[in-house]
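Computation of the quantities below employed the complete heavy-atom set of this structure, encompassing side-chain atoms and omitting hydrogens, waters and symmetry-equivalent molecules.
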Amino acid sequence: MATIEIRDTKKYGRTYKFRTLIGTDENGVRQYARTIWKPPEGLSPVKEKKLAEAEAYRWEQEIENGKVVAGGAFSQPRPATCDPSPADDAVPEEETLRYFAEQIWMPLRVVGGGLRPSTIAMYRFMLKVTLPKLGDKRISEVTGIDIMQFLQYLRNEYRAPNGKKVSEKTIKHHFDIIRILFNYAEKQEVIEKNPIKKVDPPRMTKRPVDALTQDQAKVFFKALSECKLEYRCMMPLLATTGVRRGECLGLQWRDFDFEENTLHIERSVLLIACAAFALRIAFCNTFLPSHWLCKPIPGIFNLVP
């Protein structure tokens, strides 16, 4: 995702500077694209921030689609690869599922909706799989059968970047994102009939929890005595409290209450994909009910010799 910096100058007033990584040169030096955006007047700080995030996302999409050069200026239109006269049955770009997903749903509902960076990154990645199959259709003409055929394509033909078939969980994620997208389109009265209502959610096979037995846990904790200090600290937390890896890495001393023998989950560390091939580490607040955020740790530090 593009980084956003607020600037206040006497000449231009309040502006926003967008910056995103676009790759590296032949010497391995990172290359960035930058641009300045000035918000319209009369917006509240909250609305201005959300609009800036949406504009930054659109600008980043234009870079990835080749419509913007590194400095942020629009490039010349690409030469036509076919007869420039449109066909009678051509779908106007503004009516396609692709346009609605990239120019309306993502900036307003996803990026501007306060979702976590990891969730936004996942939505963007999955759209890159969905839109080549469904994106050029008129959004009002996408049917339940179209969606079912896409899910069937994921099961039988699509391969993940590592060359393997996708899991049932991944297919369910694709279905959920399509459902959220079309529900938003229906709410905004972009479509009259919602095709996702005619599609049954993909079934997921329930698998037994692969947990350590008591004897295996004893061997595990005993082996930790020969490991580095950071593993001796993290592994007991992961094994006994159920915290996620990112939540464990986000812990700070103030999160521990040694009198009550509890720890509070307040943040998570995420490794997310940015534009081009970059990765970024982000600290995010944890959005969970308060009673989920307090984990008991009775005797946890006595488990490791």
Is there a donor-acceptor pair closer than 3.5 Å between any side-chain N or O of R267 and the backbone N or O of G250? yes
Would you call F125 and P161 a side-chain contact if the rule is heavy atoms closer than 4.5 Å? yes
Please work out whether the ring planes of F258 and F256 are parallel, tilted or perpendicular, with thresholds of 30° and 60°. parallel
Does E41 have more than 12 heavy atoms from other residues, nucleotides or ligands lying within 6.0 Å of its CD? no
Shortest non-hydrogen pair, T143 vs P195, comes out as C-CB, 3.6 Å
State the CG-CD distance between L127 and E102, to the nearest 0.5 angstrom. 7.0 Å
Identify whether Y153 and V199 are in the same connected component of the hydrophobic contact network (ILVMFWY, side-chain heavy atoms under 4.5 Å). yes
In sequence, state the C-alpha distance, the side-chain angles, and the governing distance for K197 and E186, and then conclude on salt bridge (charged side-chain N to carboxylate O under 4.0 Å, His left out). CA-CA 11 Å; K197 294 180 179 179; E186 183 181 33; 3.0 Å; yes
Provide the closest heavy-atom pair for N194 versus I191 in the form atom of the first, atom of the second, distance. CA-CD1, 4.1 Å
Separation of K49 NZ from L43 CG (nearest 0.5 Å): 14.5 Å
Closest non-hydrogen contact found for P201 with K172 is CB-CE, 4.3 Å
Considering residues, nucleotides and ligands other than R203, do more than 12 of their heavy atoms fall under 6.0 Å from its CZ? no
Using modelled atom types and a 3.5 Å cut-off, is there a donor and acceptor pairing between side-chain atoms of Q216 and backbone atoms of T213? yes
With a 4.5 Å heavy-atom cut-off, do I265 and D255 have their side chains touching? no
How about L238: does its CG atom have over 12 heavy atoms from other parts shown lying under 6.0 Å from it? yes
May I ask you to check if K38 and Y16 form a cation-pi contact, with NZ or CZ under 6.0 angstrom from the six-membered ring centre and within 45° of the axis? no
Is there a side-chain contact between H174 and F150 (heavy atoms, below 4.5 Å)? yes
Would you say N183's side chain and R179's backbone share a donor-acceptor pair under 3.5 angstrom? yes
Kindly give the heavy-atom pair with the smallest separation between G135 and T96, and that separation in Å. O-CB, 3.4 Å
Atom CD1 of I139 and atom CD of E94: how far apart are they, to the nearest 0.5 Å? 13.0 Å
Would you say R109's side chain and P107's backbone share a donor-acceptor pair under 3.5 angstrom? no
Kindly give the heavy-atom pair with the smallest separation between F18 and E55, and that separation in Å. CE1-C, 3.9 Å
Nearest 0.5 angstrom please: I104 CD1 to R58 CZ, how far? 8.0 Å
Shortest non-hydrogen separation from I196 to I178 and the atoms involved: CD1-CG2, 3.9 Å
Considering only NZ, NE, NH1 and NH2 on the basic side and carboxylate oxygens on the acidic side, decide whether E226 and R232 come within less than 4.0 Å. no
Taking the side chain as every heavy atom from C-beta outward, state whether V142 and F182 have any pair of such atoms under 4.5 Å apart. yes
More than 12 foreign heavy atoms under 6.0 Å from OH of Y231: is that the case here? no
Residue N162 excluded, over 12 heavy atoms near CG under 6.0 Å: yes
Does this structure show an ion pair linking R244 with E247, if we count only N-O contacts that are shorter than 4.0 Å? yes
Tell me if a side-chain donor or acceptor on T119 pairs with a main-chain N or O of L115 at a distance below 3.5 Å. no
Examine distances only and state if a side-chain atom of R7 and a backbone atom of R14 form a donor-acceptor pair shorter than 3.5 Å. no
With side-chain contact (heavy atoms from CB on, under 4.5 Å) as the test, pick out the partner of P202 among E168, K169, R155. R155
Answer whether the closest heavy-atom distance between the side chains of T240 and F221 falls below 4.5 Å. yes
Less than 4.5 Å apart, side chain to side chain, heavy atoms only: is that true for T15 and W37? no
Rounded distance [0.5 Å steps], CG in D176 versus CD1 in I171: 12.0 Å
What about W105 and Y123, are their ring centers closer than 6.0 Å? yes
Between I145 and K198, is there a side-chain heavy-atom distance shorter than 4.5 Å? no
Residues which pass salt bridge (charged side-chain N to carboxylate O under 4.0 Å, His left out) with D146, listed by chain and number, not counting sequence neighbours: K137
Could you tell me whether the side chains of S140 and E95 share a donor-acceptor contact shorter than 3.5 Å? no
When you measure from the side chain of T130 to the backbone N and O of M126, does any donor-acceptor pair fall under 3.5 Å? yes
According to a 4.5 Å side-chain heavy-atom criterion applied to Ile, Leu, Val, Met, Phe, Trp and Tyr, with indirect links allowed, do L151 and M204 form part of one hydrophobic cluster? no
Do L229 and W253 land in one hydrophobic cluster if side-chain heavy atoms of ILVMFWY residues count as linked below 4.5 Å? no
Residues R254, E266: salt bridge by 4.0 Å N-O rule: no
L97 and L181, any side-chain heavy atoms less than 4.5 Å apart: yes
Taking atom CD as the centre, does E230 end up with more than 12 heavy-atom neighbours from other residues, nucleotides or ligands that are less than 6.0 angstrom away? yes
Spatial distance of atom CD (E53) from atom CD (E48) [nearest 0.5 Å]: 11.5 Å
